[in-house]
Amino acid sequence: MYPPVSSSVSAEGGSASGGKFPEIEREILARWKQNKIFEQSLQRSGREMVFYDGPPFPTGAPHFGTIFVSILKDALARYFTMAGYSVPRRWGWDCHGLPIENAVEKKLGIGDKTQIEKQLGVAAFNNECRKLVADCNVAWESYINKIGRWVDYAHAYRTLDLPYMESVLWVFKQCYDQGLIYKDYRVTPYCYHCETSLSFSDIRESDSTRPRQDPEVIVRFKASDEVAGKPTWYLAWTTTPWTLTSNLVLAVGADFSYAAVEHAGSVYIMAEALVTKWAKLFGGKPYIVKIFAGSELLGRHYEPVFPYYRDLGAEGYFRILAADFVTLDDGVGVVHCAPAFGEDDYWLCKRHGLGVRNPVDARGCFTADIPEFAGQNVHEANKGVIRALKASGALMHHSTIEHNYPHCWRCRTPLIYRAMDAWYFAVDKIKDRLLKHNEEINWVPEHVKHGRFGKWLEGARDWNISRSRFWGTPIPVWECEAAGCGQRHVLGSLAEIKAAAGREFTDLHKEFLDEVVLKCPACGKPMRRVPEVLDCWFESGAMPFGQCHYPFENKDWFESHFPADFIVEYPGQIRGWFYYLHVLAVALLDRAAFKNCLVHGTLLAEDGGKISKSKKNFTDPMELMDRYGADALRLYLLGSSAVVMEDLNFKNAGVHDQIKQVLLPLWNAFSFFVTYANVDSYAGDPARQPESTHALDRWILAKLYRAEHEVGEAFKTFYLNRSLTPVTAFIEDLTNWYIRQSRARFWGGGLTPDKRQAYDTLYYALVTLLKLLAPSAPFVADYLYRQLTGEDSVHMATWPDVPDTYRNEALIEETAVAQTIVTLGLALRQKAGLRVRQPLPGIQVALPSSVDSGVVARQLDIIRNELNVKTVTLLADPGAVATLRATPNARVLGPKWGREVQAIIKAAKAGQVREEGDKIIVFEGQKEWTVDRQDIELSYQGKDGMDVMGDKGVLLALDKTLTPALREEGVANELNRIIQDLRKTAGYAVSDRIEMTLEGELDPAWRGHLQQLALAVSVELSEAEADATARETIEGRAFRVSIRKMTQA
RNA sequence: GGGCGUGUAGCUCAGUUGGUUAGAGCGCGUCCCUGAUAAGGACGAGGUCCCUGGUUCGACUCCAGGCACGCCCA
């Protein structure tokens, strides 16, 4: 006996009679927890499927994106578990780095780095970071739990743990020993609030490039060589006036053409192409006195606009150099270069043997080198700089522009480029191998391999791995403090540190490791650790090693768990985690870190805009799950193309649709089964595969076979959005064809052989369907599965292997023809205004030549039943109501006839064909083509005005002749509907016996039939005596029906 | 400016090695309760497959060039 099923399940709101999906989910969650289903599912035998979970920062609450990615990870893991793998899922936390430091600064009200170093102390600061990281897990856990994600949260790896950090040191040392790590003084993106350099990835984080208003100035530099005997100036354009203090050279494009423009007694040199654009500099009427090739200007000298480094002139500074970064897109075609503050500038000067002058300190303020602005922040100094330029006459133009400008991805401070010491990872050295091993990765969607990721690898540049900060794994390099000694020592393990320091360490953070002072083996002077910590991407990239404390522990485990079989993250990680995993894996092991990588897309608000908490343009996912349940949310997301890196405009209605389209029909099918199974005391056996001879059974099993293969394929290839279409299609087939057609088979008394076949089939179909749905809708699938099978959980079941014997494409096609006939018949009825309840004499059918006409006989009952007609026959003379239409198989005839095939197709479509034996002759004027019968399909198309309809080559004519007998049957059917309706509204049970009065003119035979159907005996009931009465006029005859429930005898 | 992706019904999206009548769901219109299912069902209307050119007997599909949008970067 199955637990009784409420037939009405509520999608939302409190329904008195039925459970709600969210309620079911809470119940299931409790059971999973209590019975440790997740833990059990990990104990399965079989090969492991290795999954790496990308660690989020434990700041704030999870957002829509993290929920989505969790659903994807969960669905895949559930599928692979059912497919026979053990899929350990270990959570991870990215605990270090600027995001955490910034949160702590904010909490403590810390304004700058010196406060941490001088007042608070590094140890106290790091302790605050530690505390913050420890608190944040609760919000995440409730979300992750609610969406049904199974993940080992309790044993999460954390990048701040001692073993993890030790592995990171080891990874660093491996790279260092390979010569992949070096220190260099060069220009890097720099945040003067965080007082650290950043990597190129940092400034490419999604939110880092933001609009900013900056001054736009054009200044003039006095040229040493006069043109036309007049004072001559080079013009240069910049949006960072403060860098003019440190200008050391000007750059031009050697291939560009430069104009000398005379104005007000002076001559100005700028790119010819831009003269018109800046005509206003020359009173609107530029007068060009001479044209130079850029190459002619090279090596010429000029005078700086500020005096601070003037004395460098003799050393070859303040010259015109050629550079390919000069463009004619904006500016004036002459670029002012301050090698301390521009990357291009830096490399240009370096190539020409010119040094750097950097008068900006770590806080982004001018040093004493620039006495006028010393102590001023560079951005704030812009105003004064411009004022000074104006005073000296150098300023030619000044306005404000808004442009996109890089900002610190965590503290939102505008970045500057600044020359400084930093540690680099020589990505360039291993670029070839990075590209080679990318070929081994299966990317989903495929285009990422040679698109985003491949292109990013091709353009990869050396990676700034050092941060001048506190909260991170310290860079384990000790340098001799003696000037010029240059000794370095790298410690790559706790043992090495112990040996060097003479004591144990239980924490490797900066405040502890900085205490370790070594003695220089070369000169005997102290060696101190370099101050920087590692970029947190280095740590998350080292996750395969760090999570298992490789190589200090778990060596065997590591070897069987590297590389990952699959990973899943959002597109931002193409330049982030995916990239750094790849870099470190290739550097250390010369192979890719993961075999399959699913890159999912972005969820946008309904209006297509970014999801934004401040705009409140979306509903909190928790609220959605409370309303509709997590299954519906999961189905919506998993079925969308957002799975494969497309954007999705998220609509709440989309979640609700899943209930209507998937969950409720499923529930109803289940409820149908249980209702009748309980009547017949049928108990399904999950191990039994049905062996039915009934065409409907074989048909639904053929559909099931097909669905299982499509769903399995979708999961195996990681295109899991393709896994749901076959499921919904199957549910549609099951409910609106199989069950609908099979109802009568379940009605009769007793468990007949045919009924047993029907039960076996429906049971097997339902159980299998729930397995197909289990990875995507784990709650409902488990709830129903348990009721059907009594087993612990669908998630412990193995993925269904629907046997080949159920495969039957021919039956599927044949049934499709019957479905077409039914659809056409219903359409014709509708057109004629004849409701299905009115029986009709028959339909006549013409089938295309490709269809075996036996289909009509085999599907006869279904067609008659659905269309309520007495006969289904083949049209004797289709030509009378329809035109012959021939559709050649162009795929075959094309190659055979070439150009002529178009004429053949045209003639054939026009019906210009005749049959000659097993050949078909297509003709057009004098021309004739002989075509093999199997290469052309003959069908009929209804003539206009005739009462026929056609679709997919099937033609159908409806005989609408109404005999008195048919009319009488129609009336009886109407009355039956009225009676059944009365019973239902009166609240009777299906089996209740009743007394009934039926007043009105009706054939006595039908009268008796109706009584039988209604379980009624005929008595005279006045309206007052009856429980319910209906009066209706049918075909001009007035009827009264009154019913009363019989009391139990 | 470059790279990658997308462009198919009012909306969200399918569309299999190119084959001649391009599909689904939602929405819309009309209709339907014969006992699993109205929180359903049937039927219907709705398309310049972004544009231009090319390849081909034949292009939504392949190629080139545009246009629009998104993401990433300069």
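Chain naming here is simple, since letters A, B, ... match the order of the sequence lines and numbering starts at 1 in each.
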Nearest-Å distance for atom pair CG/P, residues A/Asn668 and B/G40: 9 Å
Distance, rounded to the nearest Å, where A/Lys952 contributes NZ and B/G23 contributes P: 8 Å
Could you tell me whether A/Thr725 contacts a base, only the sugar-phosphate backbone, or nothing, with contacts defined as non-hydrogen atoms closer than 4.0 Å? nothing
Touch check for A/Arg452, heavy atoms < 4.0 angstrom, all strands: base, sugar-phosphate only, or nothing? base
Using a heavy-atom cut-off of 4.0 Å across all strands, would you classify A/Asp647 as base, sugar-phosphate, or nothing? sugar-phosphate
At 4.0 Å (heavy atoms only), tell me whether A/Glu646 reaches a base, stays on the sugar-phosphate, or touches nothing. sugar-phosphate
Do A/Arg575 and A/Tyr579 meet the cation-pi criteria used here (NZ or CZ under 6.0 Å from the six-membered ring centre, within 45° of the axis)? no
Students often get this wrong, so: under 4.0 angstrom with heavy atoms, is A/Tyr676 touching a base, only sugar-phosphate, or nothing? sugar-phosphate
Can you establish whether the number of heavy atoms outside A/Arg977 located under 6.0 Å from its atom CZ is more than 12? yes
So A/Lys831, base contact, sugar-phosphate only, or nothing? Heavy-atom distance under 4.0 Å. nothing
Which part of the nucleic acid does A/Ile905 contact within heavy-atom distance under 4.0 Å: base, sugar-phosphate only, or nothing? base
A/Leu198 versus A/Leu415, closest heavy-atom pair with distance: CD1-CD2, 3.7 Å
From C-beta outward on A/His447, which listed nucleotide comes closest to its side chain: B/U20, B/C4, B/A39? B/C4
Would you classify A/Asp951 as touching base, sugar-phosphate or nothing, given that sugar-phosphate means primed atoms plus P, OP1 and OP2, and contacts are heavy atoms under 4.0 Å? nothing
Mate of B/A68 across any strand shown (Watson-Crick or G-U wobble, both atom pairs under 3.5 Å) is B/U6
Does A/Lys277 NZ have over 12 foreign heavy atoms under 6.0 Å away? yes
Among B/C26, B/G44, B/A36, the nucleotide that comes nearest once only the side chain of A/Gln661 is considered: B/C26
How would you label the contact of A/Arg983 with the nucleic acid (heavy atoms, under 4.0 Å): base, sugar-phosphate, or nothing? base
How would you label the contact of A/Gln830 with the nucleic acid (heavy atoms, under 4.0 Å): base, sugar-phosphate, or nothing? base
Looking at every strand, decide which applies to A/Ala903 at a 4.0 Å heavy-atom threshold: base, sugar-phosphate, or nothing. nothing
With a 4.0 Å cut-off on N to O distance, would you call A/Arg864 and A/Asp861 a salt bridge? yes
